[in-house]
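We use all heavy atoms of the structure for the numbers below, so side chains are in, but hydrogens, waters and symmetry mates are not. By convention in this document, chain letters (A, B, ...) are assigned in the order of the sequence lines, proteins followed by strands, and residues within each chain are numbered from 1.
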Amino acid sequence: MIQVSITAEAISPDAETARFAALRGAACGAAVTFVGFCRGVSQQGDVMRLELEHYPGFTEREIGRITQAVAERHGVADILVMHRFGAISPGEAIVLVAALSAHRAAAFAAVEELMDYLKTDAPFWKREIGPSGARWIEPTAEDRRRREEHSK
Amino acid sequence: MIQVSITAEAISPDAETARFAALRGAACGAAVTFVGFCRGVSQQGDVMRLELEHYPGFTEREIGRITQAVAERHGVADILVMHRFGAISPGEAIVLVAALSAHRAAAFAAVEELMDYLKTDAPFWKREIGPSGARWIEPTAEDRRRREEHSK
Amino acid sequence: MTRLIFLGRLRDAAGHGERVVTLPAHVETVADLRSWLAAGDGDLGAALHERGIHVVVDQVICNRETENVRDASEIAFMPPLSGG
Amino acid sequence: MTRLIFLGRLRDAAGHGERVVTLPAHVETVADLRSWLAAGDGDLGAALHERGIHVVVDQVICNRETENVRDASEIAFMPPLSGG
């Protein structure tokens, strides 16, 4: 089952992962989970909070479409994507991606590809708020490189 | 912190992941978790249980040594490895590997490399017990291929 | 009536996240819309003409400046995506 | 006194997982030990001589058949690893 949730609520990664993993059938041999946290420090210094803007409707649909495509490409039936928007404090989870699969290679590939997409091309606009003000963030060169590499 | 546990007790992946992730500092941006489950079916048919034998002392030390090397190679300070031995029923977790890191690429690489090692070269001897008896298992060609690829 | 949406840093440039307008008769295409908005607010106009600004018409990304906007109920301007 | 450990399918071949023995004086090396065990149990001897069987002397993998075993307190025979 594909589950995509774009939410302003705090994400509890362990509770969500447990709930999702409970769906698995007898043929499931592998669960891969990624959690991305808001960091308290960045290249610009201390981070007080992040503000993530999304485009309601459009963002959900784009992420759902990409998730479906990744699931089909890797033959992974069960993928969970949860992504915060709004104000996020250091230490809080921003994103959770989990995949259940018979074998581990497909689950790793699906989660990594989705994260590469989510970190670079998902419809979010992000501001980092630090002691000296707010700053819009765009994907890093490293994010772009990983994305190119995986889309080869 | 490197934590390695080779245990006959059932593993609760979510509780362990939550406990481990609570150790993370303000610079941690990524948590990657892998859980391997005992499958109820294999290429040989139905699986009633797995029996994993280890070599007490030797197995712990070998896995600890490899985990430390992977942590250093990828610059990942926090890695958790938990591995069952003894009798394991379908649906139960056999192995849990988690890594905490500033960025996701290192965490994914560390967990994948450890899983490739654990699935092929860790000191365990595994028997699959099915309706028609018991059978010793050795790593699959796919396991070996992945391991070669990652050790390049 | 058309809802215009300004996302990310375009919200800062516009001074608001969205507004509802009645398009004048001469605004027929995406290009016309950009010019009309630029005529009303030079700073916003400059921001909307930057490289990498995408236009989304009724939640579908628009790839042609000649796309008609007269029947659109919602048009969004998106700066380069930040990712999550 | 030396503890001999038979792991995985070698346990099946030996009929037990471990035994404590007093090595006779002529058993000095890993090769001698294999031959002595084979003399006592032909099936086990055949299994111990298969390709891919590793010998672990006091928890350290032994790479030479000439390694001395007289001071060892624990010697394990490992079939190819299954992985977890």
* Let me know if L118(B) has heavy atoms under 4.5 Å from chain D in its side chain, its backbone, both or neither. => backbone
* Asked: With a 4.5 angstrom heavy-atom cut-off, which part of R61(B) approaches chain D: side chain, backbone, both or neither?
  -> side chain
* Considering all heavy atoms of both residues, which atom of S82(D) and which atom of I137(B) are nearest to each other, and what is their separation? -> OG-O, 2.6 Å
What's the spacing between [X] [atom1] and [Y] [atom2] if we round to 0.5 Å?
| X | Y | atom1 | atom2 | value |
| --- | --- | --- | --- | --- |
| L81(D) | Y117(B) | CG | OH | 8.0 Å |
| E74(D) | F58(B) | CD | CZ | 10.5 Å |
| E53(B) | R9(D) | CD | CZ | 12.0 Å |

* Structure fact -> Ordered numerically, the heavy-atom neighbours of chain D under 4.5 Å found in residues 9-18 of chain B are none
* Structure fact -> Those residues of residues 123-133 of chain B that come under 4.5 Å of chain D on a heavy-atom basis, listed by number, are P123(B), F124(B), W125(B), K126(B), R127(B)
* To do: Can you establish whether the number of heavy atoms outside R73(B) located under 6.0 Å from its atom CZ is more than 12?
  => yes
